[in-house]
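One structure below.
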Amino acid sequence: MSQDVPTPVKNRLLASLPREEYERLVPYLETVSLEFKQELYQPNVPIEFVYFPLDGVCSLLSQTSQGQLIEVATVGNEGMVGLPVFLGAREIPGVSMVQVPGNALRMRAKDLQNQVSRDTSLHDVLLRYTQALFNFISQSALCNRVHSIEQRCCRWLLLTRDRVGGDQFPLTHEFLSQMLGVRRAGVTEVAARLQNAGFITYRYRKITILDRAGLEATSCECYELIKAEFDRLIGGNNIN
């Protein structure tokens, strides 16, 4: 694989590794572009690659018997797409799809399995990430049950903004409604309210966050809880 790997490392999982361990992984990593709606793995198809996003955001989706896709979690620069490979699975019934295009570091699944023995820091980091992602999915399930569409939308926008590392990113109402599992009309109504409040603008299929504090005040507590758990379990940078 190409060793055209960026420094400093924008992916928090890789950045938390000791420098010597990260350098050991570099020959197995390559930088790739992630395109909007690109499927990184498909239901019950062997996972060929894992991805460490740098500035894009990917959705982890479950599929109904009617073919409807519902988001259960997102993965950005705090994590890795393809966690089932680390857990010993070759395939799963879910889908991973790019929701915000960007770049990622890609590794072959077989190389990850060869490099992640129990005595490595990578093994420890991925265990902690597994716990953080489990907490994320659990908190999201609670959020989807008890909080309003407006609160959930604010949580989603804030988490996406953190992963992208900027206040503007591409987004359509149709895609957001699919991610939240609600009707498009409901998302359109909420987006209009947030725009009228001066929190966001939505033009040319792009969202721009104007008032992050306003979004945080409107969001439920789930955003801060999810963010705090990733910060606690993933930690800071060792190699930047």
Side-chain angles (χ1 to χ4, degrees), residues 36-37 53 55-64 66-79 81 94-102 132-234:
F36 179 57
K37 288 193 174 181
D55 47 25
V57 181
C58 306
S59 291
L60 306 183
L61 307 161
S62 290
Q63 190 170 26
T64 68
Q66 291 76 34
Q68 183 182 12
L69 293 172
I70 302 296
E71 183 179 86
V72 296
T74 56
V75 180
N77 63 0
E78 83 301 330
V81 177
V95 179
S96 177
M97 181 185 297
V98 178
Q99 66 172 230
V100 178
L133 186 63
F134 175 81
N135 293 340
F136 181 11
I137 294 171
S138 298
Q139 193 68 39
S140 295
L142 180 150
C143 185
N144 292 341
R145 178 68 177 85
V146 303
H147 293 139
S148 69
I149 297 176
E150 184 173 62
Q151 290 174 311
R152 292 160 54 195
C153 186
C154 290
R155 168 180 65 84
W156 193 96
L157 291 172
L158 288 165
L159 287 171
T160 300
R161 189 263 171 224
D162 290 347
R163 274 84 178 271
V164 172
D167 290 322
Q168 186 178 87
F169 45 89
L171 183 67
T172 65
H173 287 184
E174 179 183 8
F175 196 58
L176 182 56
S177 67
Q178 183 184 50
M179 296 304 97
L180 295 177
V182 299
R183 294 183 302 109
R184 179 176 175 176
V187 169
T188 300
E189 181 181 334
V190 166
R193 288 203 301 268
L194 296 177
Q195 184 161 263
N196 291 336
F199 298 160
I200 66 170
T201 60
Y202 178 74
R203 299 180 65 186
Y204 309 116
R205 296 189 172 189
K206 287 186 178 180
I207 289 279
T208 302
I209 295 176
L210 302 176
D211 184 353
R212 179 186 176 119
L215 283 181
E216 290 183 356
T218 306
S219 177
C220 52
E221 69 276 11
C222 298
Y223 166 65
E224 287 295 342
L225 290 171
I226 291 168
K227 182 177 182 297
E229 278 298 278
F230 276 110
D231 289 344
R232 180 178 71 86
L233 290 165
I234 303 305

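Rounding to the nearest 0.5 Å places CD1 of I226 at 7.0 Å from SG of C143. Atom OG of S140 and atom CG of L159 lie 7.5 Å apart (nearest 0.5 Å). Note: M97 CE to C58 SG = 10.5 Å, rounded to the nearest 0.5 Å. How far CD1 of I200 is from SG of C154: 8.0 Å, rounded to the nearest 0.5 Å. For the atom pair CD of E221 and CZ of R155, the computed distance is 10.5 Å after rounding to the nearest 0.5 Å.
In summary, K227 and E224 do not engage in a salt bridge, as defined by a charged side-chain N under 4.0 Å from a carboxylate O.
Counting heavy atoms from C-beta outward, T160 and L171 have side chains that stay 4.5 Å or more apart.
Panel note: side chain T64, backbone Q66; a donor-acceptor pair is recorded below 3.5 Å. With Q63 contributing its side chain and V95 its backbone, the two residues share no donor-acceptor pair below 3.5 Å.
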Hey, can you pull the donor-acceptor pairs under 3.5 Å for the side chains in residues 206-217, sequence neighbours left out?
| from | atom 1 | to | atom 2 | distance (Å) |
| --- | --- | --- | --- | --- |
| T208 | OG1 | Q168 | NE2 | 2.9 |
| D211 | OD1 | A213 | N | 3.3 |
| D211 | OD1 | G214 | N | 2.8 |
| R212 | NE | E216 | OE2 | 2.9 |
| R212 | NH1 | D162 | OD1 | 3.0 |
| R212 | NH2 | D162 | OD1 | 3.0 |
| R212 | NH2 | Y223 | OH | 2.5 |

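Not a single side-chain hydrogen bond (donor to acceptor under 3.5 Å, both in side chains) links D55 to another residue, sequence neighbours left out. Every side-chain contact (heavy atoms from CB on, under 4.5 Å) that L142 has, sequence neighbours left out, goes to Q139, V146, H147, C222. Partners of R205 by salt bridge (charged side-chain N to carboxylate O under 4.0 Å, His left out), not counting sequence neighbours: none found. When the side-chain contact (heavy atoms from CB on, under 4.5 Å) test is applied to E150, the partners found at least two apart in sequence or on another chain are S148, V190, R193, L194, T218. Taking the side-chain contact (heavy atoms from CB on, under 4.5 Å) definition, one finds that A191 meets it with H173, sequence neighbours left out. When the side-chain contact (heavy atoms from CB on, under 4.5 Å) test is applied to S138, the partners found at least two apart in sequence or on another chain are F134. For T74, the side-chain hydrogen bond (donor to acceptor under 3.5 Å, both in side chains) test picks out R163, with sequence neighbours left out.
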Quick one: do E71 and L60 satisfy side-chain contact (heavy atoms from CB on, under 4.5 Å)? Show the steps, please. CA-CA 6 Å; E71 183 179 86; L60 306 183; over 6 Å; no
Would F169 and R161 count as a side-chain contact (heavy atoms from CB on, under 4.5 Å) here? Give the steps. CA-CA 8 Å; F169 45 89; R161 189 263 171 224; 4.2 Å; yes
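Taking both residues in full, the closest heavy atoms of G79 and P53 are given as O-CD, 3.5 Å, listed atom of the first, atom of the second, then distance.
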